[in-house]
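Everything below concerns the one structure shown next.
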Amino acid sequence: MTTTPPSRLGRLRRAVFARHAHPWSAWSRWATAPLVLVPVWTRSWKHAAVVTVWFALNPVIFPKPADDRAWSSRAMLGEEIWLTDRPRDAALAVNAAASAVGLVAVVAARRRRLAPAATASAASMALLLVYWELMARYYDEHGGEGGRTPSP
């Protein structure tokens, strides 16, 4: 049986997720998610550039984790497999809800409405943690020990 060599995009995805699975990467990105609202609120291209650079660098500035025992590591690795498999499951609905609530936060920030922006941002972050739990379970079921490794 022959296997198809991984595409460049597949190898890049594998390299990014391998490092983003480090708990420091996952948690620092989650904790700084509200920074997305700063350039919208301030209407500053400089702020947008700084936030963009942070979110682009975050998944690759940390080393690969030593193992996959951390919940956040399993969540990131599960997301990689989930994105490849593309199942239509509860995680898809949770991810869509988190995105929709995040959009509400952006609109509220644009209108400079602090309470709605903060509330929607917090709700989006909470939904992201639910999504991570689903991704960690997905990893445990489809890719963890004894399962498959995320493919490039």
Student check: side-chain heavy atoms of [X] and [Y] closer than 4.5 Å:
| X | Y | value |
| --- | --- | --- |
| I61 | R19 | no |
| W82 | D89 | yes |
| W71 | E133 | yes |
| L77 | I81 | no |
| W132 | L128 | yes |
| K46 | P39 | no |
| E79 | M76 | yes |

Do [X] and [Y] belong together in a cluster built from hydrophobic side chains that touch within less than 4.5 Å?
| X | Y | value |
| --- | --- | --- |
| V101 | V38 | no |
| W45 | L37 | no |
| V106 | F55 | no |
| M125 | M135 | yes |
| L103 | V36 | no |

Test item: T32 side-chain N/O and L35 main-chain N/O as donor-acceptor pair under 3.5 Å
no
Counting only pairs under 3.5 Å, give me each side-chain donor-acceptor contact of residues 107-123, with atom names and distances, residues two or more places apart or in other chains.
| residue | atom | partner | partner atom | Å |
| --- | --- | --- | --- | --- |
| R112 | NE | W41 | O | 2.9 |
| R112 | NH2 | W41 | O | 3.0 |
| T119 | OG1 | A115 | O | 2.8 |

Can you give me every donor-acceptor pair (side chain of residues 21-28, partner residue at least two apart or in another chain, under 3.5 Å) with its distance?
| residue | atom | partner | partner atom | Å |
| --- | --- | --- | --- | --- |
| H22 | ND1 | W24 | N | 3.0 |
| S25 | OG | H20 | ND1 | 2.6 |
| S25 | OG | N58 | O | 3.1 |
| S25 | OG | N58 | OD1 | 3.1 |
| W27 | NE1 | S72 | OG | 3.3 |
| S28 | OG | W24 | O | 2.6 |
| S28 | OG | S25 | O | 3.2 |
| S28 | OG | N58 | ND2 | 2.8 |

Interatomic spacing from [atom1] in [X] to [atom2] in [Y] - rounded to 0.5 Å:
| X | Y | atom1 | atom2 | result |
| --- | --- | --- | --- | --- |
| T52 | L57 | OG1 | CG | 10.5 Å |
| F17 | L83 | CZ | CG | 5.0 Å |
| H142 | R137 | NE2 | CZ | 13.0 Å |

Using every non-hydrogen atom in the two residues, find where [X] and [Y] come nearest and quote the distance to one decimal.
| X | Y | value |
| --- | --- | --- |
| A91 | Y131 | O-CD1, 3.7 Å |
| V94 | V130 | CG1-CG1, 4.0 Å |
| D140 | R74 | OD1-NE, 2.8 Å |
| D67 | R69 | OD2-NH2, 2.8 Å |

